[in-house]
Every structure is written in structure tokens, then in C-alpha cells.
Amino acid sequence: MNAQAQAVVDGYMRDLKRELRALPRQRRQEILEDIDGHIDESLGRNGTATEADARTLLEQLGEPSEIASDARERFGIAPVRFGAVEKWAVFLLAFGFWIAGVGWLLGVFFLWSSNAWNRREKLIATLSPAAILVSFASIPAGFLALLLYVITVPIWLAVIARRRATPARG
Amino acid sequence: MRCMVPPGEGAAIAQLRRGTLEYCVLALLSEGERYGFDLVRELSEVDGMVTSEGTIYPLLSRLRRDGLVTTSWQESNSGPPRRYYKLSPAGEKALASFAQEWGRFRDAVDGLVGKGGRK
């Protein structure tokens, strides 16, 4: 295929990879490999395939967002939203310490009840305050570390959730 | 939560197609193992079966996760190795039990809708 066709295909594969991010890594890899093989089978060995040929083929395959939403349904994965639960989690993890600490615990509860973050991210957000308190026995250093936590971790979580959230579709 | 629009007849057919597609894939594989690309081409040739060809690949991946199909890489004489899909014993069982249920279901729908359509 010519350079323009290759560019169209590359853009499509990039979009597809991003759209499929909610799937487990291995499954996503499989789907990307198969679709890449499909495109290659149709266009790759045809040295004269043009941009128009590429567009026709990709249209038959379907929009990346359409394939991804079908895939999420097949795997029973609820779409990620940056909704009320996620916003409360971020807010309470940031400001909950000053509501007698209870707010923070409630934030942890919201954190774990959302599908916007994976287990590793939830563990980091939950356990790092304890690790901070243990490793900094002295009050000022521990306080500074905690301050750093409430500034950085909620922002990090919000960025992740917003990036993963799928726009609502009709 | 996803808002569900009450399905019209178009949506009803789309749901039905979606639900039965995996058994159509299993049925094709019961004739022998296949390369994903050939499978997609065969399904696309059946009128009204597949609207977006790309959606078959996630389906194949899920069938594999559920152990209904197995895969193997095979050399091809015209390009890189290809992933072949093969029906597993569990897949055979799932297909057989669906085929039986489907026969009953189809007769039931034909009995009711067929009558209504002939008015």
C-alpha cells in the first residue's frame, strides 16, 4: 500500500488501541493483532492499494469506537465514567483529612467502588498515607509528606479517570 | 448506567443478530479450523449477518477466553504467521445445546409471528 494509505491505517490502529484501553491487556493485544492481520491481508500485499482502498476497508471494519463499545459489551465491562462517585472519591481523598479523617475513609470507599481505577492504583492511593506515617516518625516530615499526598494523589487519580472515561454515546 | 431506548423492530433484530452471532461463528468453526480473516469474509457474505466486520475479532477473543475456541499460529506461504481458531470440546457442547434450543425457539416464533404476518 502507498504512504497515504499507510498513514490512514496507522491512524485507525492508534484510535483503536486507545478505544480498547478498558479491556485486559492480553485481550486488547489479541484484537489489535487480528485486526492488523485483517488489514494486512486485504491491503498489505497489494502494493498499489490507495488511500481510497484503505478507507473503504476501514469503513467495512467499522469505527474504532463502535468496535470498542461492542467489545466492552461482549466482555461485560461497564464503560468508565468520571461521574459523581469518582468526583467524590477525588474530593474526599484531597480534603477528607480535615473532616476528622472520616472524610478520607469515605473517599477510600468511593475509590474502591468505582471501576475507573485498577487495583494497583487503588492500593497506592489507599496504602501510601500509612506508609508515609510509618516511614516519617517525626511530625513535621510526616505532615509535609501527607500534604504532598493530598495534593498529588487526587490529581493523579482525576487525570487517570478523565482519560479513561468514555464519552456518552446515543 | 446506560440509558436503554425501548427497542423498535430494528433494534430487536440487531439484538437477536448480536446474540446469535457467536453461535454462527462456532457453527462455521465446527466445519474445521479457520483463520480470522476467512471467518470474517464468510460471515460477511451471509446477507444481514454482520454490519461492522471489526466486531467479530473481540467476539473471537471472548470465545477464546471462555474456552469455547482454541487458537494456534500457523505459517502462511504468503506473509506472516496466522492465528487459526478451532472449536474446543466445550465449544462443541455449547453449539449443540444452542442448536437444539434455537430450533424450538425458531418454531415458536414462526408459529406466532408467521400467523400474524399472514393476516
Side-chain angles (χ1 to χ4, degrees), chain A residues 9 12-13 15-17 19-47 56-81 83-85 115 166-170, chain B residues 1-7 10-11 14-15 17-26 34-45 49-85:
Chain A
V9 167
Y12 181 88
M13 291 306 292
D15 288 349
L16 186 62
K17 187 175 180 183
E19 292 281 350
L20 288 173
R21 74 207 143 195
L23 262 63
R25 185 191 300 265
Q26 196 195 345
R27 305 277 84 112
R28 185 175 61 217
Q29 205 54 43
E30 248 168 38
I31 296 166
L32 288 169
E33 276 169 10
D34 273 5
I35 292 187
D36 197 46
H38 181 107
I39 294 170
D40 208 48
E41 192 74 34
S42 318
L43 299 176
R45 253 155 280 130
N46 177 358
T56 306
L57 177 76
L58 298 179
E59 207 170 296
Q60 282 167 357
L61 278 172
E63 287 290 324
S65 59
E66 194 187 340
I67 296 174
S69 83
D70 191 88
R72 280 195 301 271
E73 245 175 278
R74 291 270 182 215
F75 283 95
I77 297 168
V80 170
R81 298 251 180 276
V85 169
N115 69 347
T166 35
R169 286 190 190 90
Chain B
M1 281 288 117
R2 178 183 289 254
C3 314
M4 279 295 200
V5 182
Q15 287 289 339
R17 182 193 287 135
R18 199 162 184 287
T20 47
L21 181 61
E22 63 181 276
Y23 296 98
C24 296
V25 169
L26 295 180
R34 272 176 175 73
Y35 171 44
F37 182 75
D38 289 335
L39 196 63
V40 170
R41 203 161 47 187
E42 279 177 82
L43 283 168
S44 304
E45 278 166 9
M49 199 61 232
V50 181
T51 44
S52 295
E53 295 180 352
T55 57
I56 293 173
Y57 292 108
L59 170 59
L60 284 170
S61 175
R62 214 218 65 220
L63 291 173
R64 185 186 183 192
R65 186 201 66 178
D66 292 350
L68 301 182
V69 303
T70 57
T71 62
S72 60
W73 288 98
Q74 291 181 20
E75 290 302 322
S76 114
N77 34 22
S78 63
R82 298 162 161 186
R83 194 193 331 263
Y84 273 73
Y85 290 88

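Reminder, nothing fancy here: chain letters follow the sequence lines and each chain counts from 1.
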Applying side chain to side chain contact (heavy atoms under 4.5 Å, CB included) to A:R27 and B:R64, what does each step give before you reach the verdict?
CA-CA 9 Å; A:R27 305 277 84 112; B:R64 185 186 183 192; 4.2 Å; yes
Please evaluate residues B:F37 and A:D40 with respect to the criterion side chain to side chain contact (heavy atoms under 4.5 Å, CB included), reporting the C-alpha separation (whole Å), side-chain torsions for both, the decisive distance (0.1 Å), and the verdict.
CA-CA 10 Å; B:F37 182 75; A:D40 208 48; over 6 Å; no
Start with the C-alpha gap between A:E30 and B:T71, add the side-chain angles, then the distance that decides, and say whether side chain to side chain contact (heavy atoms under 4.5 Å, CB included) holds.
CA-CA 11 Å; A:E30 248 168 38; B:T71 62; 6.0 Å; no
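Of all heavy-atom pairs between B:Y35 and A:G37, the closest is OH-O, 4.0 Å. Nearest approach of A:I35 to B:Y57, heavy atoms of both residues: CG1-CD1, 3.5 Å. Contact between A:I67 and B:P58 at its shortest, heavy atoms only, is CG2-CG, 3.9 Å.
Going from atom CG of A:D34 over to atom OG of B:S61 covers 8.0 Å, rounded to the nearest 0.5 Å. Distance NE2/A:H38 to CD1/B:I56: 8.5 Å, rounded to 0.5 Å. Here the CG-CZ distance, from B:L59 to A:F75, works out to 8.5 Å after rounding to the nearest 0.5 Å. The distance from the CG atom of A:L57 to the CD atom of B:E53 is 7.5 Å, given to the nearest 0.5 Å.
Using a 4.5 Å cut-off between heavy atoms, B:R83 touches chain A through its side chain atoms alone. For B:R41, no part lies under 4.5 angstrom from a heavy atom of chain A. For B:V40, the part lying under 4.5 angstrom from a heavy atom of chain A is the side chain only. With a threshold of 4.5 angstrom between heavy atoms, B:L39 does not approach chain A through any atom at all.
Annotation: side chain of B:T55 is not in contact with side chain of A:R74 (no heavy-atom distance under 4.5 Å).
Remark: B:Q74 CD is packed, more than 12 non-hydrogen atoms of other residues, nucleotides or ligands lying under 6.0 Å away.
With chain B as the partner, the residue from A:E63, A:Q26, A:R28, A:E33 showing the most heavy-atom pairs under 4.5 Å is A:E33.
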